[in-house]
Amino acid sequence: MDMHTVVVGTSGTTAEDVVAVARHGARVELSAAAVDALAAARLIVDALAAKPEPVYGVSTGFGALASRHISHELRAQLQRNIVRSHAAGMGPRVEREVVRALMFLRLKTVASGHTGVRPEVAQTMADLLNAGITPVVHEYGSLGCSGDLAPLSHCALTLMGEGDAEGPDGTVRPAGELLAAHGIAPVELAEKEGLALLNGTDGMLGMLVMALADLKNLYTSADITAALSLEALLGTDKVLAPELHAIRPHPGQGVSADNMLRVLAGSGLTGHHQDDAPRVQDAYSVRCAPQVNGAGRDTLDYAAVVAGRELASSVDNPVVLPDGRVESNGNFHGAPVAYVLDFLAIVAADLGSICERRTDRLLDKNRSHGLPPFLADDAGVDSGLMIAQYTQAALVSEMKRLAVPASADSIPSSAMQEDHVSMGWSAARKLRTAVDNLARIVAVELYAATRAVELRAVELRAAEGLVPAPASQAAVAALRAAGAEGPGPDRFLAPDLAAADTFVREGRLVAAVEPVTGPLA
């Protein structure tokens, strides 16, 4: 557990804090300002609850049932019932880090003072996170409109001491038992609180924030693998010159070109050809790597802007305004988040596709400019990396299917009251799979490119004294030290792609080359 503390105030949170709480177990603490804002908003809700006039979310039913006025004696039951009835998720359990992000981001909105939730409820939410208690949340149940309703309802059940949850030891037990074991009293929900715990984009936002963190690493890693492939194919690095990218000033393109150029600095292989005919142009998958990687980087930047706005938002319905009004609104609609989740799935698929094309080129003796077929140690006796490319191709094919937008769909619900929904949760779930697959695809290119660079180094050092770039040599050495050995007559039974995968997704590839290149973007 990360022992540093994240303080939740009234003005939102940061992506770094989300990752710290969700993935690293950082502790959570409410600021004094948040406690004051919670108390002030609750006074407004209590005053409205005492009036005879119906107020949506305070003294009425919900959604298509909002026209019914609920009497005082039934309101606590109403709040319990909305949580219980909405906890209707199905399917496999959602990952622990996603649920922790979901809980933390709901606490962020509650702490804003715009929801009318009592301070003690917010404190119990923080207590659950700090105790390492994770509600059991299921894969299916959110349409990304009126918030991530079913997932948030399963979290609210745990606050009430109901349903199942996972303890810090990983064992799933009844939530009431886990709360008791950690000295946490279940909450008794009052007016508006059940609704306030359910109405948010927190699940899809949490998954967006974590995907952005992972993709940042993968895009830098893909710049490195593209440079390694270019070098192994004896391609020209002249296409990476800053002046070429300055005349098409997309920011990400310039960043990727600079990353690749720094990885290739000092290479004796780039631009070196085995025949007398100069190769004026490399294939698109090599020559256009900065343009493709860079366009993806720019999409990540836009998605980060949307995530930042959402992290600063208070998403609930109705909301308590500073002037004392409690107003219904549509801020819970997930469209802004859903769109960028789908955008990221598209660029991840395209990045995976260009990585696979370079891998295939490295393995094809007709296009690899002198490398052995399939980079085999003894082609024909063994098949080298032939089937590693099959695996990569299968992953790319799935990535293309995952790139089909979820946000283009809408299925009306709640008796046509919620007649247009975002499907943002579904967009987030498929993006998680896409990011996971992308790490594997980049790892296969890394495995093939480092093998090819090693072969070139042996061949050209012996013939002409030429050596790969220092950064390339560092990548090869670090990958081999991590256990991903290349082919050899005595040890090549199967390519160790799993070791390469771990090496990439943990950021160790980037860490291996940065002592040579300096910090990469």
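No donor-acceptor distance shorter than 3.5 angstrom exists from the side chain of Arg80 to the backbone of Leu189, with no hydrogens or angles considered. In this structure, Lys192 contributes its side chain and Pro318 its backbone to a donor-acceptor pair below 3.5 Å. A distance-only check finds a donor-acceptor pair linking the side chain of Asn317 to the backbone of Asn329 [under 3.5 Å]. Side-chain atoms of Thr502 do not come within 3.5 Å of backbone N or O of Ala499 as any donor-acceptor pair. Remark: side-chain polar atoms of Asp148 are paired, donor with acceptor, to backbone N or O of Gly203 under 3.5 angstrom. In this structure, Asn130 contributes its side chain and Val28 its backbone to a donor-acceptor pair below 3.5 Å. At least one donor-acceptor pair closer than 3.5 Å links the side chain of Arg505 to the backbone N or O of Asp436. Judged by distance alone, with hydrogens and angles left aside, the side-chain atoms of Ser153 form a donor-acceptor pair with the main-chain N or O of Leu149 at under 3.5 Å.
Checked for salt-bridge contact, Arg118 and Glu120 meet the test: a charged N lies under 4.0 Å from a carboxylate O. Using a 4.0 Å cut-off between charged nitrogen and carboxylate oxygen, Arg262 and Asp258 count as a salt-bridge pair. Using a cut-off of 4.0 Å between Lys/Arg side-chain N and Asp/Glu carboxylate O, Arg432 and Glu97 are scored as salt-bridged. A salt bridge links Glu191 with Arg42: the closest approach of a Lys/Arg side-chain nitrogen to an acidic carboxylate oxygen falls below 4.0 angstrom.
Taking CG of Asp127 as the start and CD1 of Ile184 as the end, the distance is 5.0 Å to the nearest 0.5 Å. Put simply, CG on Asp316 and CG on Asn331 are 9.5 Å apart, with the number rounded to the nearest 0.5 Å. If you take CD on Glu162 and CZ on Arg84, they are separated by 4.0 Å, rounding to the nearest 0.5 Å.
Sorted by first and then second residue, the salt bridge (Lys or Arg N to Asp or Glu O under 4.0 Å) pairs with a member in residues 341-355 read Asp342-Lys430; sequence neighbours excluded. Under the ring pair (Phe, Tyr, Trp, His ring centres under 6.0 Å) criterion, the residue pairs touching residues 413-435 are His333-His420, with sequence neighbours excluded. Residues in residues 194-211 take part in these salt bridge (Lys or Arg N to Asp or Glu O under 4.0 Å) pairs, two or more places apart or across chains: Arg106-Asp202. Sorted pairs that involve residues 4-14 and meet salt bridge (Lys or Arg N to Asp or Glu O under 4.0 Å), not counting sequence neighbours, are lacking altogether. Within the structure, ring pair (Phe, Tyr, Trp, His ring centres under 6.0 Å) pairs that include any residue of residues 152-180 comprise His138-His154 (at least two apart or interchain). The salt bridge (Lys or Arg N to Asp or Glu O under 4.0 Å) analysis of residues 402-412, with sequence neighbours excluded, yields no pairs.
Minimum interatomic distance between Val110 and Ala122 (heavy atoms only, all atoms of both residues): CG1-CB, 3.9 Å. Smallest separation of non-hydrogen atoms from Ala439 and Val504: O-CG1, 4.2 Å. Nearest heavy-atom pair across Leu102 and Pro151 is CD2-O, 3.9 Å. Minimum heavy-atom separation, Thr220 to Ala521: OG1-O, 2.7 Å. The two atoms that bring Leu198 and Ala156 nearest to each other are CD2-CB, 4.1 Å, heavy atoms only. Contact between Ala303 and Leu208 at its shortest, heavy atoms only, is O-CD2, 4.2 Å.
Judged as a side-chain contact (heavy atoms from CB on, under 4.5 Å), and not counting sequence neighbours, the contacts of Tyr339 are Ala335, Phe343, Ser407. Take Asp301 and apply the side-chain contact (heavy atoms from CB on, under 4.5 Å) test, not counting sequence neighbours, and it matches Asp298. Listed by chain and residue number, nothing satisfies the salt bridge (charged side-chain N to carboxylate O under 4.0 Å, His left out) test with Asp36 (two or more places apart in sequence, or in another chain). The side-chain contact (heavy atoms from CB on, under 4.5 Å) check on Arg93 picks up Val136, Glu166, Val172, with sequence neighbours excluded.
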List, one per line, each side-chain donor-acceptor pair under 3.5 Å for residues 306-314, sequence neighbours excluded.
| residue | atom | partner | partner atom | Å |
| --- | --- | --- | --- | --- |
| Glu310 | OE2 | Thr201 | OG1 | 2.7 |
| Ser313 | OG | Arg309 | O | 2.7 |
| Ser314 | OG | Ser112 | OG | 2.9 |

In residues 174-182, what donor-acceptor pairs under 3.5 Å come from side-chain atoms, sequence neighbours left out?
| residue | atom | partner | partner atom | Å |
| --- | --- | --- | --- | --- |
| His182 | ND1 | Leu178 | O | 3.0 |

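With contacts defined as side-chain heavy-atom distances shorter than 4.5 Å, the pair Leu48/Ile44 qualifies. Contact of the Asp501 side chain with the Leu497 side chain is not registered, since no non-hydrogen atoms from C-beta on lie closer than 4.5 Å.
Atom CD of Glu188 sits in a sparse spot, with 12 or fewer heavy atoms from other residues, nucleotides or ligands closer than 6.0 Å.
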Inset, instruction - Output, in order, the C-alpha distance, side-chain angles, deciding distance and verdict of salt bridge (charged side-chain N to carboxylate O under 4.0 Å, His left out) for Glu506 and Arg508. - result: CA-CA 6 Å; Glu506 290 183 352; Arg508 290 153 63 190; 3.1 Å; yes
